[in-house]
> 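Quick one: structure below, then a few questions.
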Amino acid sequence: MKVAVFSTKAYDRQFLSAANSPNQHELVFFEPRLNRDTAILAAGFPAVCVFVHDQVDAATLEILASGGTQLVVLRCAGFNNVDLQAAADLKITVVRVPAYSPYGVAEHAVGLILSLNRKIHHAYNRVREGNFSLTGLLGFNLNGRTVGIIGTGKIGLILGQIMKGFGCQLLAYDVYRSSELEAMGGKYVELPELFANSDIISLHCPLTPETHHLINAEAIEKMKPRVMLINTSRGALIDTQAVIEGLKSCQIGSLGVDVYEQESDLFFEDLSGEIIQDDVFQRLTTFPNVLITGHQAFFTEEALQNIADTTFANITDVEQGRSCPNEVRAQS
Ligand code: NAD
C-alpha cells in the first residue's frame, strides 16, 4: 500500500524502512505533522501513518477522504487525537499500536521517581561544578512507602511489579480491577483513599472526558503533604495551574512529568535558542523539585521495533481485507 508517513523523524525513517523489507509497502516520509493544512500532501495515498501530535480531526479527515485516503495508521496507542466518529462517517478505518513499550514507559516512570527522590539531576550538575555538598539532596527510602497507581492496565501493572520489588505497598484505582495487581498484594481503593495514603502517585490511565484534569485543586488538597506526583500518561490528566499552586504551597513535594497538556507546541522539536511563549510551562521549569522529560518514556529500541512491526502488520491486514485486531472504532 502507498503510505504517507507524517511527523517523520530520522529514527522513524530508520526503523520503519528497516521493517518494511522487502519493500512490501511504498512509504513516502513527510516531516510536517498531519493537520488540516498539511492533509493535502496525502492526496492519492490510500493510507496515512501518524503519531501522537498529528491532528486527525474532522476537517483533516474530510480532506484526507476527498484525496482517496481510506486508512489512518496510528503508530501509537492513544487515539485521543483522532475524531473516530468523523472517521467512521467517512468510512476511514483507524488502526493503532496498542502496546509498544509498556516496560519502557513503566521504567521511565521509575527513573523519574528515583531521580526526583535522590535529586540525581541536581547531584549531576553539582559534581561537574566541583560542589560535593549534600545539603538539599536528602531523599527517602522507597522501601515501605506507599505507591498509588491510577490505571492498572499494561503500564500500571508493570510499574506495580517494579515498585513491589523496591518493597513498596501498592494502592490502585481503576474502573476495572486487575487480579494480577491484587495477586501482587495491591489493594484497590477509591480515589480519595488513594490520594490520602500514597507517598507517590503515578498516572497510567488514558485521557478521556472522565479523566481530563483528574488531578485538580480538589484532588491535590486530599493528597498527603509533600506527595510525589508522576505523569507519564497524557498531559491533560493534570490541571497544570493547580499543580503549580500545589508546588508553591509544598502540598506537592515533587513532580515528574513526561507529558504536558500543551506539549504539541514544544515536544519532539529542538527549540534551543528560541523564546518559549508558554508561561505555564516556563513556570514549571523554575521549580527545583520538578523534572520534565519531553514525551520520551516510550523511546526505546524495542518500542520503535514494535511500532514498526505492528504498523506494517496492521496495514497488511487492512490491505488484504482481514479483520485487524488493532482497529479502533467510535463508541456507539
Ligand atoms: P491500558 O489500556 O493497558 O491501561 C489503561 C488502564 O486505565 C486500563 O486498565 C483502564 O481500565 C484504565 N482506565 C480507563 N479509564 C479510567 C478511569 N477513568 N480511571 C482510572 N482508570 C481508568 O494502557 P497502557 O498501555 O497501560 O497505557 C496507559 C497510558 O499511557 C495510555 O493511555 C497513554 O496515554 C500513555 N502512554 C504514554 C507513553 C509515553 O511515551 N509517555 C507511551 C505509551 C502510552
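Atoms within a ligand are numbered from 1 in the order they appear, just like the ligands themselves. Quick note: numbers below take in every heavy atom, side chains included, and nothing from hydrogens, waters or symmetry partners.
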> Measure the distance from atom 16 (C) of ligand 1 to every protein heavy atom, then report the residue, atom name and distance (to 0.1 Å) of the closest one.
Val175 CG2, 3.8 Å
> Would Lys222 and Phe195 count as a cation-pi pair here, with the cationic atom under 6.0 angstrom from the ring centre and within 45° of the axis?
no
> Hey, does Phe79 have a side-chain heavy atom less than 4.5 Å from the side chain of Val94?
no
> Are the ring centres of His295 and Phe268 closer than 6.0 Å?
yes
> Does the cation-pi check pass for Arg13 over Tyr11, that is, NZ or CZ under 6.0 Å from the six-membered ring centre and within 45° of its axis?
no
> Measure the distance from atom 5 (C) of ligand 1 to every protein heavy atom, then report the residue, atom name and distance (to 0.1 Å) of the closest one.
His204 O, 3.6 Å
> Looking at every heavy atom in both Pro46 and Lys2, which two are closest together, and how far apart are they?
CD-O, 3.3 Å
> Could you list which atoms of ligand 1 come closer than 4.0 Å to a heavy atom of Tyr176?
11 (O)
> Show which atoms of ligand 1 fall inside a sub-4.0 Å distance from at least one heavy-atom site of Tyr173.
19 (N), 20 (C)
> What protein heavy atom sits nearest atom 9 (O) of ligand 1, and how far off is it?
Asp174 OD2, 2.6 Å
> Would the number of heavy atoms belonging to other residues, nucleotides or ligands and lying under 6.0 Å from CD of Glu218 be above 12?
no
> Measuring from the heavy atoms of Tyr100, does anything fall under 4.0 Å of ligand 1?
yes
> Taking 4.0 angstrom as the limit, do Asp12 and Arg75 come out as a salt bridge?
yes
> Which protein heavy atom lies closest to atom 42 (C) of ligand 1, and at what distance to 0.1 Å?
Val105 CG2, 3.4 Å
> Would you say Phe298 has any N or O atom under 3.5 Å from an N or O of ligand 1, going by distance alone?
yes
> Does Leu214 approach ligand 1 within less than 4.0 angstrom via side chain, backbone, both or neither, non-hydrogen atoms only?
neither
> Should Asp54 and Arg33 count as an ion pair when the cut-off is N to O under 4.0 Å?
no
> Can you report which non-hydrogen protein atom sits closest to atom 29 (C) of ligand 1, along with the distance?
Ser233 OG, 3.2 Å
> Compute the centroid of each ring, for Phe51 and then for Phe298, and state whether the two points are separated by less than 6.0 Å.
yes
> If you round to the nearest 0.5 Å, how far is CD1 of Ile200 from CG of Leu229?
11.0 Å
> Nearest protein heavy-atom contact for atom 27 (O) of ligand 1: which residue, which atom, what distance?
Ile155 CD1, 3.3 Å
> Going by the atom numbers of ligand 1, which of them fall below 4.0 Å from some non-hydrogen atom of Gly151?
7 (O), 21 (N)
> Has Asp258 got any heavy atom lying under 4.0 angstrom from an atom of ligand 1?
yes
> Of all the atoms in ligand 1, which lie at a distance below 4.0 Å from a heavy atom belonging to Thr211?
17 (C), 18 (N)
> Under 4.0 Å from ligand 1, counting heavy atoms only, is it the side chain of Ala77, its backbone, both or neither?
neither
> Is Lys9 paired with Glu269 through a side-chain N to carboxylate O contact shorter than 4.0 Å?
yes
> Can you list the ligand 1 atoms lying under 4.0 Å from a non-hydrogen atom of His295?
39 (C), 40 (O), 41 (N)
> Check the pair Tyr173 / Tyr188 against ring-ring contact (aromatic ring centres under 6.0 Å, His included), numbers first and verdict last.
CA-CA 6 Å; Tyr173 174 78; Tyr188 280 96; 8.3 Å; no
> May I ask you to check if ligand 1 and Thr232 share an N or O to N or O distance below 3.5 Å?
yes
> For atom 14 (C) of ligand 1, what's the nearest protein heavy atom and its distance?
Pro206 CD, 3.5 Å
> Just to confirm my output: which protein heavy-atom neighbour is closest to atom 23 (O) of ligand 1, and how far is it?
Lys154 NZ, 4.2 Å
